[in-house]
K.L.:
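Submitted below is the structure of interest, expressed as structure tokens.
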Amino acid sequence: MNSIVLIVFAPLVAAIVGGLGNRMLGATVVKSITTGALFLSAALSWPIFLAFVAGGAEATVVPVMDWVRSGDLVFDWALRVDALTAVMLVVITTVSALVHLYSWGYMEEDPDQPRFFAYLSLFTFAMLMLVTADNLVQMFFGWEGVGLASYLLIGFWFRKPSANAAAIKAFVVNRVGDLGFILGIFGTYLVFGTVSIPEILAAAPGMSGATIGFLGWRVQTMDLLCILLFIGAMGKSAQLGLHTWLPDAMEGPTPVSALIHAATMVTAGVFMVCRLSPMFETAPVALAMVTIVGAATCIFAATVGTTQWDIKRVIAYSTCSQLGYMFFAAGVGAYGAAMFHLFTHAFFKALLFLGAGSVIHAMHHEQDMRYYGALRREIPLTFWAMMAGTLAITGVGIYWLQAGFAGFHSKDAILEAAFARGTESGNFAFFMGAFAALLTSFYSWRLIFLTFFGEARWAASEHIQHAVHGQHEPLDAENEDLGPSHEHSLPANPEGTAGYHPHESPLSMLIPLGLLALGAIFAGWVFSPTFLDDAEFWGGSIYYNEGLIHAMHAVPLWVKLTATVVMLIGLFAAWLAYIRDPDLSRRGAEQLGPVYRLFCNKWYFDEIYHVIFVKPAFWLGRLFWRRGDVGLIDRFGPDGAAWVVAQGAGAAKRFQSGYVTSYALVMLLGLVAAVTWVLF
């Protein structure tokens, strides 16, 4: 299994070489090394995955080195490879390799390309460490590694204040979730006496019903541990409450968005819950929490996505919503369906992000869809790639033929599992998921219609005007809320820019789009039986509920057709509002009024957090700074000591007159004082 070591450490070596070599090696050499390392990892990952699919592979642990020996706490650095790991290996390495290749064209004019490619490879290594972890400490190492790398990538354009703010926000919000994850790891070690994942999962069923003291209360041990671990997943996977960092992460370059949102960081929480699924199965309260939070996130993000104008933010909120599907699938016990949607989502979401990057590249960094339109004739290859991604995410397919795009197989399976579970939280998740599927169809087709159909509106863009007049520095793209009255209220095309024609992306960007489109089209149909019905494929790497699988297949026909029906409703509504009668969207926004503003302003989460957390934190920081640090510590500490020394020096210099008689007088007074002290 030496190939496993190569898969994991090749990106690390490439990151080190690219980071240290940087300008000395040159951009082309660094890009070649890092991209080659990722394609090597991807080429080695697929045979391992296909071997598990064919049933010819067994779980393996590859030791790397001794790590910690401290009393009873003993664990090594080892790489665990089973079916669950194999799924993540192909997802991470494939998407990352294609993102590296795509970045050759997208980042071509950036002067800091070596640093960018080194960060990408470092990110991939950290994620590979996370998914191959054999113990919780090693998983936490990868967990924090992707947090660090995401901070570096989101804030890559560090001269841009909004990018710095977004990177800090992602880092801080994830620290909140990571506190829960750390406490969960500590508690797990306290209860089980080990951090080894196989040992913990083997002992977990025996802890069912046990209680533990926590904050003065007596609570169910497994519920407490799983809830704490899930809080970590909420931060990393941007679930409701800890989701606010994810849309702001769009400040990074588009390839970063594709990597973070499609295959790596945001799916870490889903992977962790599935990896520890035998633990979660002994914690019914925690599972209900996972289901409800996932379903709530699903519907929340979908509502916000319907009102955003920035093309990348629409897809970002879509990611948040799709992660909600994965979590409530895990919450109802359909871990195979959760991983299946993670697998298919990686292809079509990476495709949509990279497709959006191709549009932005063609539109000279314009991200506002109000300045798009009629692009299908200008960039046809990008158009068809994004069409494939949209057909996949909206779940287009024919039930009676069991044929459709990737999302048709995975999303429908999740809805069927939620209904088949039969619990209150499962029913809640089913109806929220069905409504979110309708909204997903609406905002996805809204994106397609605004971008590729209708009249050409790009000449009104300031970015295009800058491009036409030879000013090549891109402006900052903003997603400002203009309110309902500004829906489609666009300025007239100024003279001198009407002749601008967007251009198709270079081949290095189009090849990844084509390969990802194949995944978006065929991944669901090819691998659906393996992920959903093949218990031998999983081989114990996740908890496999065979009874739930049978119940999924036995749900009523109307449940099976729900996703298709709501997809068609969303498609029709988007066509009506943005093709048939474009003024309908403006009138609808005005009629909805407060509801529209609520969705457009992201349910005011950022504003509420600003009042509750940010302002008090800054007030407390200023208090400690001005009153505590400057007013107390500095005043009576270094500043006070310096003042005393200065005053003493000022007094002493009065005696430094330069007259011998003055010095003799001082000496005489000193002698008298000394004699007096001796005598008395």
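Just so it is clear, the structure is predicted and the values come from calculations on it, not from any experiment.
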K.L.:
Taking F171's backbone N and O only, do any of them form a donor-acceptor pair with R175's side chain (distance below 3.5 Å, no angle check)?
P.N.:
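Between the backbone of F171 and the side chain of R175 there is a qualifying donor-acceptor contact (under 3.5 Å).
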K.L.:
Checking I260 against I154 for the side chain to side chain contact (heavy atoms under 4.5 Å, CB included) test, could you report, in this order, the C-alpha distance in whole Å, the side-chain angles of both residues, the deciding distance, and whether it holds?
P.N.:
CA-CA 9 Å; I260 291 177; I154 294 169; 3.9 Å; yes
K.L.:
Is there a side-chain contact between C320 and T297 in this structure, where contact means two heavy atoms from C-beta onward sitting under 4.5 Å apart?
P.N.:
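Side chain of C320 against side chain of T297, heavy atoms only: contact under 4.5 Å found.
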K.L.:
Between atom OH of Y596 and atom OG1 of T303, what is the distance when rounded to the nearest 0.5 Å?
P.N.:
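One gets 12.5 Å once the value is rounded to the nearest 0.5 Å.
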K.L.:
Can you tell me how far the OG1 atom of T254 sits from the CD1 atom of I360, to the nearest 0.5 Å?
P.N.:
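CD1 of I360 is found 4.0 Å from OG1 of T254.
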K.L.:
Give a yes or no on this: more than 12 heavy atoms of other residues, nucleotides or ligands lie within 6.0 Å of atom CD of E607.
P.N.:
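Yes, the 6.0 Å shell around CD holds more than 12 heavy atoms from other groups.
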K.L.:
Scan H409, Q322, K411 and name whichever one has a side-chain hydrogen bond (donor to acceptor under 3.5 Å, both in side chains) with H341.
P.N.:
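That would be Q322.
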K.L.:
Using every non-hydrogen atom in the two residues, find where F328 and I414 come nearest and quote the distance to one decimal.
P.N.:
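For F328 and I414, the tightest heavy-atom pair comes out as CE1-CG2, 3.3 Å.
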K.L.:
Carefully, step by step, assess W157 and D110 under the rule side chain to side chain contact (heavy atoms under 4.5 Å, CB included).
P.N.:
CA-CA 10 Å; W157 287 321; D110 196 288; 2.8 Å; yes
K.L.:
Please evaluate residues Y443 and Y317 with respect to the criterion ring-ring contact (aromatic ring centres under 6.0 Å, His included), reporting the C-alpha separation (whole Å), side-chain torsions for both, the decisive distance (0.1 Å), and the verdict.
P.N.:
CA-CA 10 Å; Y443 66 65; Y317 278 106; 9.2 Å; no
K.L.:
Any chance you could measure L584, atom CG, to I579, atom CD1, to the nearest 0.5 Å?
P.N.:
12.5 Å
K.L.:
Counting only heavy atoms not in F453 (residues, nucleotides, ligands), do more than 12 fall under 6.0 Å from its CZ?
P.N.:
yes
K.L.:
Over all heavy atoms of both residues, which pair between A42 and T93 is shortest? Give the atoms and the distance, please.
P.N.:
CA-OG1, 3.4 Å
K.L.:
Hey, does T306 have a side-chain heavy atom less than 4.5 Å from the side chain of R446?
P.N.:
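No; the side chains remain at least 4.5 Å from each other.
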K.L.:
For the backbone of P582 and the side chain of S585, can you confirm whether one donor and one acceptor N or O come within less than 3.5 Å of each other?
P.N.:
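Such a contact is found between S585 side chain and P582 backbone.
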K.L.:
Which heavy atom in G389 sits nearest to a heavy atom in F348, and how many Å separate them?
P.N.:
O-CB, 4.0 Å
K.L.:
When you look at I168 and Y151, which way does the side chain to side chain contact (heavy atoms under 4.5 Å, CB included) test go after all the steps?
P.N.:
CA-CA 7 Å; I168 293 171; Y151 170 80; 4.2 Å; yes
K.L.:
Quick one: sort the H361 and Y106 rings into parallel, tilted or perpendicular, breaks at 30° and 60°.
P.N.:
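Answer is tilted, since the angle falls between 30° and 60°.
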K.L.:
Please tell me if the side chains of F116 and L153 come closer than 4.5 Å, counting only heavy atoms from C-beta onward.
P.N.:
yes
K.L.:
Are any non-hydrogen side-chain atoms of L323 and H243 less than 4.5 angstrom apart?
P.N.:
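L323 does not reach H243 side chain to side chain.
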K.L.:
Walk me through whether H100 and T34 qualify under side chain to side chain contact (heavy atoms under 4.5 Å, CB included).
P.N.:
CA-CA 8 Å; H100 274 71; T34 53; 3.9 Å; yes
K.L.:
Between E455 (side chain only) and A374 (backbone N and O only), is there a donor and an acceptor less than 3.5 Å apart?
P.N.:
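Side chain of E455 to backbone of A374: no pair is present.
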K.L.:
Taking Y119 for the side chain and F156 for the main chain, is one N or O donor matched with an acceptor at less than 3.5 Å?
P.N.:
no
K.L.:
Can you check whether F572's main-chain N or O pairs, donor with acceptor, with W445's side chain at less than 3.5 Å?
P.N.:
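No, because the side chain of W445 does not come within donor-acceptor range (under 3.5 Å) of the backbone of F572.
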K.L.:
Under 4.5 Å between any side-chain heavy atoms of L391 and M386, yes or no?
P.N.:
no
K.L.:
Listed by chain and number, what are the salt bridge (Lys or Arg N to Asp or Glu O under 4.0 Å) partners of K602, not counting sequence neighbours?
P.N.:
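Scan of K602 (salt bridge (Lys or Arg N to Asp or Glu O under 4.0 Å), adjacent residues dropped) gives D606.
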K.L.:
Please assess D310 against R370 for the test salt bridge (charged side-chain N to carboxylate O under 4.0 Å, His left out), listing each intermediate value before the final yes or no.
P.N.:
CA-CA 9 Å; D310 186 310; R370 286 169 289 194; over 6 Å; no
K.L.:
If we ignore hydrogens and angles and just use 3.5 Å, is the side chain of S237 paired with the main-chain N or O of V266 as donor and acceptor?
P.N.:
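Between the backbone of V266 and the side chain of S237 there is a qualifying donor-acceptor contact (under 3.5 Å).
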K.L.:
Do the non-hydrogen side-chain atoms of Y604 and L598 ever get within less than 4.5 Å of each other?
P.N.:
yes
K.L.:
Do you know which of P11, S103, P253 makes side-chain contact (heavy atoms from CB on, under 4.5 Å) with L120?
P.N.:
S103
K.L.:
Please report the shortest heavy-atom distance between W143 and G269, naming the atom on each side.
P.N.:
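The pair with the smallest heavy-atom distance is CH2-CA, 4.0 Å.
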K.L.:
With the side chain counted from C-beta on, respond yes when L342 and M88 share a heavy-atom pair under 4.5 Å apart, and no when they do not.
P.N.:
yes
K.L.:
Which pair of heavy atoms, one from G355 and one from T382, lies closest together, and at what distance?
P.N.:
O-CG2, 3.6 Å
K.L.:
Let me know which of L38, L128, V87 forms a side-chain contact (heavy atoms from CB on, under 4.5 Å) with I92.
P.N.:
L128
K.L.:
Using 0.5 Å steps for rounding, measure from the OG atom of S358 to the CG atom of L510.
P.N.:
6.0 Å
K.L.:
Do Y325 and H345 make a side-chain contact, defined as non-hydrogen atoms from C-beta onward lying under 4.5 Å apart?
P.N.:
no
K.L.:
Kindly say whether M250 contributes a backbone atom to a donor-acceptor pair with the side chain of K312 at under 3.5 angstrom?
P.N.:
yes
K.L.:
What verdict does the side-chain hydrogen bond (donor to acceptor under 3.5 Å, both in side chains) test give for K169 and T244, after you've listed the backbone C-alpha separation in whole Å, the side-chain angles of each residue and the deciding distance to 0.1 Å?
P.N.:
CA-CA 8 Å; K169 186 176 183 180; T244 54; 4.5 Å; no
K.L.:
Taking the side chain from S150 and the backbone from G147, do they hold a donor-acceptor pair closer than 3.5 Å?
P.N.:
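Yes, because the side chain of S150 sits within donor-acceptor range (under 3.5 Å) of the backbone of G147.
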K.L.:
Measuring from L439:CG to S321:OG, what's the distance to the nearest 0.5 Å?
P.N.:
8.0 Å
K.L.:
To the nearest 0.5 Å, how far apart are OH in Y372 and CD1 in I448?
P.N.:
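Reported value, rounded in 0.5 Å steps: 12.0 Å.
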K.L.:
Give me the ring orientation class for W603 and F599: parallel if the planes are under 30° apart, tilted from 30 to 60°, perpendicular past 60°.
P.N.:
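W603 vs F599 ring planes: parallel.
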K.L.:
Just by distance, do the side chain of N164 and the backbone of F158 share a donor-acceptor pair under 3.5 Å?
P.N.:
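Confirmed, N164 side chain pairs with F158 backbone.
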K.L.:
Are the side chain of T307 and the backbone N or O of V304 linked by a donor-acceptor pair below 3.5 Å?
P.N.:
yes
K.L.:
Considering non-hydrogen atoms only, spot the tightest contact between A350 and V95 and give its length.
P.N.:
CB-CG1, 3.9 Å
